[in-house]
Every structure is written in structure tokens, then in C-alpha cells.
Amino acid sequence: MALHTVSSSAEDTFTMPLSERTLAKHRIPDVESDPRAVYQAIRAELLLDGNSSQNLATFCTTWSEDEVRRLMAESLDKNMIDKDEYPQTAEMESRCVHILADLWHSPARRDTVGCSTTGSSEACMLGGLALKRRWRQRREAEGGPADRPNLVAGPVQVCWEKFARYFDVELRQVPLEAGATGLRPGQLRRYVDENTIGVVAILGVTFTCDYEPVAEIAKELDAIQADTGLDVPLHVDAASGGFVAPFLHPDLTWDFAIDRVSSINTSGHKYGLSPLGVGWVVWRAADLLPDDLVFNVDYLGGSMPTFALNFSRPGGEVIAQYYNLLRLGRDGYRRVHQACAETARYLAERIAAMPQFALLYDGDGALPAVCYTLRQEQPFTLYDLSEQLRMRGWQVPTYPLPADRQDTVVQRVLVRHGVGRDEIALLADDIEHALGRLSSGTTRAPRQPGFHH
Ligand SMILES: *Cc1c(COP(=O)(O)O)cnc(C)c1O
């Protein structure tokens, strides 16, 4: 008599036909398979991706509340572009835009325009396209040539390089000065001219996690205008900082409170805490978005202006963004990001206590993150350390800083909602253990049972 109940083969996905072969990789199969078997096979393969909560390289959301998951599942059929068919989804998008305009101190909230996008990359493209079109209109009005636009910025995320290449704009990247974590205002004068469509300031530099001094950059552009007559608009790439600074650094002046800031983008799916696939761009006032970039789509028998690179796009992320704004409020965002910032500072203290490292950014004053480099010549590189940490599942990126600091190789740890203090303490322990192995050259020694560090 059998002691255990064995599920019938019809229900055991591992003995279904699909599980007894390798999966199709180059040709669609001829026959159907049981959905449970396909689900199981795909799920098993995806485990090889690793564990996203140990992915300390990403700024993007890796943890969500159950209510967000439910709203996402229930919104699977919502198309963001179908404003007429899903008017309440469109309405929620519009509410988010106005909430962000208000959060970022727009002087003319009612007169503000903006939209959701797939992420900050698309949002930056739209911001850049508006700058370019406005510059061309200015040049044509002045009777000057309008064929050689340039954009001036410090160490930008790759999306601005894409913008420049895709839309034929020269990207004038201002090199990092020694010891700098971003653009310094005094550098600007040598780069802007009559063909500059705008300057991008970054609130949360990807490479170092520090904020660029937006107010000082604006002041320098004011001085340049006073001296030369050039009126260069400022776009703030607040992909990360747009959802951090208003809550953790409310006294910092960086947004529409500065007259020269004409547009701001952020990633809803980074510190906006929404699931992947949503970004935002907001203009200071409607007239900063040239009419001929706007397309009208049907909406409740009328028409609604849209500005986007995509047509169809999922609505769930936008709905989840509205959920997060309602759910958390200012207090909730502050609580969540404050906890991350304190954990980042805890890690910074642990790192500072390890003599091999020098901190570049200690998690204080900008993004909840830590950035560090090796203090002097060590018998190993930071790339070796990344590899050692990867053996425990941690994904900690190592990369050189941009020009002119390419000689500095750094490591960066981002602390996000869902990454707890204990997890970061375990990471710090693992860094210490790895340093011990790397310094003594014993990285290949087999682990002994019962061995204690
Ligand atoms: C992440 C990031 C981007 C790109 O944003 P996505 O939402 O990933 O498209 C652009 N700029 C900065 C500063 C970023 O950190």
C-alpha cells in the first residue's frame, strides 16, 4: 500500500511532454502545451536571472505592495493611448502630472502640461525635442542658421547620448573636474553658445548618486545671459531625485521654483515606487511645449493632446503611480526614503571602517546610495570584489567614472524600498569576508565544513 499520495501524471508538470524536452528556441512549436507545464518551465528558467532584491545596481522598483500587484493584474487590458475608451485611466495620468507639477513648485499649476512615458529615457527625449524645437523657432525668428544644435550637460545617463544621436544634436559633455561628482557651474561658460538648445542638470548623477547644484547652474546661466544675451533654458533630469528631494531635502532649491527650469523628468519606476514602465515629464508652463509636437487623439467625443514616442502602452504602471501617491502621501514617501537613506548611511559607515576603501558619496544629502573606490593599490580590483559578491547573489556594479575621471573605478550600492537594514548588514559582512579572501589570495580555496571567518 502506498504511504504517500502521488499526484497523477496528468497533473505533474515535470512529466508532461513539454518537460521531457529542451524548450523551443528558434522555431515556434507545432503543437500546443499544457499551460501549467509552460508556466513551470518558464518560471524555472527565470530563476537563473537571480534575485532582484540583491540587485543593488538598479534604481528601479523591485518590491511592491500586494495592492499594486492586484491593480497591475486588473489593468492588464488598459491601453494608455485609448483615452476615449479608458477615460479614467487618462484622468489618473492627468492627476499625476498635476500632482508632480505642484510637488515641483510650478508657479502655474493649471497651465502646466506633461505626460507619462515608458520611463525617464522617453521623458528625456520629449524634453529634449521640446528644447530643440523652441531653439529652432528662436533661431528662425532671429534669422540665424538653425542646423547645428547642441546640448550641454555633465556626466549624463546614456539616454541623453541616444537623444543626441537619434535627433541630430551635438552632445557637449562637460568633463568631470578632479574630485567632482557632477557638473560644476563655473565650467558652463566654455560650452554654451547661440546653438545651445539647453543645459541638462542632473538631480541624482547615475555614476556617483550626488545631486548637481541646479540653483547654482541656473545662476551661472543668468550671469551668462547678462554678459552675452544668450538665454539658455535648463532641463532637470530628476530621474531619481525628482521623487527623493521633495521628501528628504525639502529645503533644496532645484525645481520650477527656479525660473530658468523649463522642464523636469523623473522615473516613476525608480524612487516613485511604481512598477517598471513609467516615467514623467512636466513643463513649467504650456507654452514651453511647442504646439507642433503635440498630436490630438479622440477623447470623450472631443480631442486630447498627446506627446509621446510610443502609441500603445500599458496603463497599469500609471494607475499604480496614482495609487502610490494616494497611498503614501508626503509622509509615506518621506518615511520610505528616510529608512533607505539611513540604511545607506549605515553601509557608508561600514565601508568607511574598511581601510581598503575611500568613500566618494556617503549617502548623505542626495540619493539613498553609497559610492566608493579603492584607497590605493590593492592586490585585487573592484571588479574582483564584484565577482566575489556575485557568488552570494549580490549584484554590485563596478565601473570607471566618466571623462576626465576615467582613472577612478568605483563601486555603487543603491538602497531602495524593499532592501532592508539586515540585508545590507549581511552585504557588509560579505564584503569584509571577500576582502579577507582577496587580500590573502585565497579566493579559490575550497570551503571547509564548519569553517568560520
Ligand atoms: C535611470 C536614469 C535615466 C533613464 O531612466 P529610465 O527610466 O531607466 O528610462 C535617465 N537619467 C538618469 C539620471 C537616470 O538615473
Side-chain angles (χ1 to χ4, degrees), residues 68 71-72 74-134 136-137 163 166-167 233 235 238-239 242-243 255-256 261-269 272 274-326:
V68 167
L71 284 171
M72 289 294 289
E74 290 158 13
S75 309
L76 208 65
D77 54 349
K78 306 276 193 192
N79 191 341
M80 208 57 241
I81 197 69
D82 290 338
K83 312 283 183 195
D84 200 26
E85 292 81 350
Y86 308 117
Q88 289 319 116
T89 302
E91 168 65 19
M92 288 184 193
E93 179 191 33
S94 166
R95 289 178 197 168
C96 290
V97 166
H98 289 98
I99 288 173
L100 286 176
D102 177 63
L103 188 67
W104 296 337
H105 302 105
S106 166
R109 253 187 335 168
R110 280 164 168 262
D111 189 30
T112 303
V113 289
C115 55
S116 67
T117 59
T118 309
S120 274
S121 301
E122 187 188 4
C124 292
M125 307 259 169
L126 301 183
L129 284 169
L131 289 177
K132 186 182 178 197
R133 186 59 59 111
R134 264 159 44 219
R136 209 175 77 188
Q137 289 169 348
F163 165 74
Y166 293 174
F167 297 106
H235 172 95
F243 268 106
D255 55 18
F256 293 126
V261 172
S262 70
S263 44
I264 299 175
N265 70 272
T266 196
S267 294
H269 56 215
S274 294
L276 277 168
V278 62
W280 301 94
V281 57
V282 178
W283 284 268
R284 170 185 199 79
D287 60 355
L288 292 174
L289 176 59
D291 288 340
D292 55 352
L293 293 177
V294 175
F295 287 79
N296 289 302
V297 299
D298 286 340
Y299 180 60
L300 296 178
S303 80
M304 184 165 196
T306 66
F307 185 26
L309 298 181
N310 272 71
F311 189 70
S312 296
R313 190 156 55 79
E317 296 87 331
V318 169
I319 293 166
Q321 182 74 75
Y322 187 53
Y323 166 86
N324 277 321
L325 292 169
L326 293 182

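The analysis underlying the following values was restricted to heavy atoms, covering all of them including side chains, and did not include hydrogens, waters or symmetry mates.
- For the pair Leu126 and Cys115, the minimum side-chain heavy-atom distance is below 4.5 Å.
- No donor-acceptor distance shorter than 3.5 angstrom exists from the side chain of Glu122 to the backbone of Gly279, with no hydrogens or angles considered.
- For the atom pair CG (Leu129) and CZ (Phe163), the distance works out to 5.0 Å, reported to the nearest 0.5 Å.
- One N or O on the side chain of Ser120 and one on the backbone of Thr266 form a donor-acceptor pair closer than 3.5 Å.
- With sequence neighbours excluded, no residue forms a side chain to side chain contact (heavy atoms under 4.5 Å, CB included) with Asp77.
- Pro275 has its side chain within reach of Val68: a pair of non-hydrogen atoms, C-beta onward, lies under 4.5 Å apart.
- How far OG of Ser121 is from CE of Met125: 6.0 Å, rounded to the nearest 0.5 Å.
- Across Gln321 and Gly268, no two heavy atoms sit closer than the pair OE1-CA, 3.0 Å.
- Contact record, Arg284 with Pro107: NH2-CG, 3.6 Å, taken as the closest heavy-atom pair.
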Output, in order, the C-alpha distance, side-chain angles, deciding distance and verdict of side chain to side chain contact (heavy atoms under 4.5 Å, CB included) for Leu288 and Ser263.
-> CA-CA 8 Å; Leu288 292 174; Ser263 44; over 6 Å; no

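- Distance check: Asp298 CG to Ile81 CD1 gives 10.5 Å after rounding to the nearest 0.5 Å.
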Any chance you could lay out the side chain to side chain contact (heavy atoms under 4.5 Å, CB included) test for Val282 and Phe256, step after step, and finish with the verdict?
-> CA-CA 10 Å; Val282 178; Phe256 293 126; 4.0 Å; yes

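- Checked against side chain to side chain contact (heavy atoms under 4.5 Å, CB included), Asp287 has the following partners two or more places apart in sequence or in another chain: Ala285.
- Looking at every heavy atom in both residues, Gly272 comes nearest to Asn324 through O-ND2, 3.9 Å.
- In terms of modelled atom types and a separation under 3.5 Å, the side chain of Asp84 and the main chain of Leu300 share a donor-acceptor contact.
- Here the side chains of Asp102 and Ile99 are not in contact, with every heavy-atom distance at 4.5 Å or above.
- Between the side chain of Ser267 and the main chain of His269, no donor-acceptor pair closer than 3.5 Å is present.
- Taking Pro233 as the reference, Leu131, Arg134, Arg138, Ser262 meet the side chain to side chain contact (heavy atoms under 4.5 Å, CB included) condition, with sequence neighbours excluded.
- The closest side-chain heavy-atom distance from Thr89 to Ile319 is below 4.5 Å.
- Pairing each heavy atom of His235 with each of Asn265, the nearest pair is NE2-OD1, 2.7 Å.
- Across all non-hydrogen atoms, the minimal contact from Tyr86 to Lys78 is CD2-CD, 3.9 Å.
- Here Met304 contributes atom CE and Ser94 contributes atom OG; the two are 5.5 Å apart, rounded to the nearest 0.5 Å.
- The salt bridge (charged side-chain N to carboxylate O under 4.0 Å, His left out) search around Glu93 returns Lys83, not counting sequence neighbours.
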Chi angles and distances behind the side chain to side chain contact (heavy atoms under 4.5 Å, CB included) call for Arg313, Ser116 | CA-CA 10 Å; Arg313 190 156 55 79; Ser116 67; 3.0 Å; yes

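- The CD atom of Gln137 sits 6.0 Å away from atom CG of Asp292, with the distance rounded to the nearest 0.5 Å.
- Checked against side chain to side chain contact (heavy atoms under 4.5 Å, CB included), Ala286 has the following partners two or more places apart in sequence or in another chain: Asp111, Val113.
- For the atom pair Asp255 CG and Ile264 CD1, the distance stands at 5.5 Å (nearest 0.5 Å).
- Sorted by first and then second residue, the ring-ring contact (aromatic ring centres under 6.0 Å, His included) pairs with a member in residues 276-324 read Trp283-Phe307; sequence neighbours excluded.
- Inter-residue side-chain proximity for Asn79 and Glu85 is flagged as unmet; no heavy-atom pair is nearer than 4.5 Å.
- Summarising the geometry of Ala130 relative to Leu293, their closest heavy-atom pair is CA-CD1, 3.7 Å, with the distance given to 0.1 Å.
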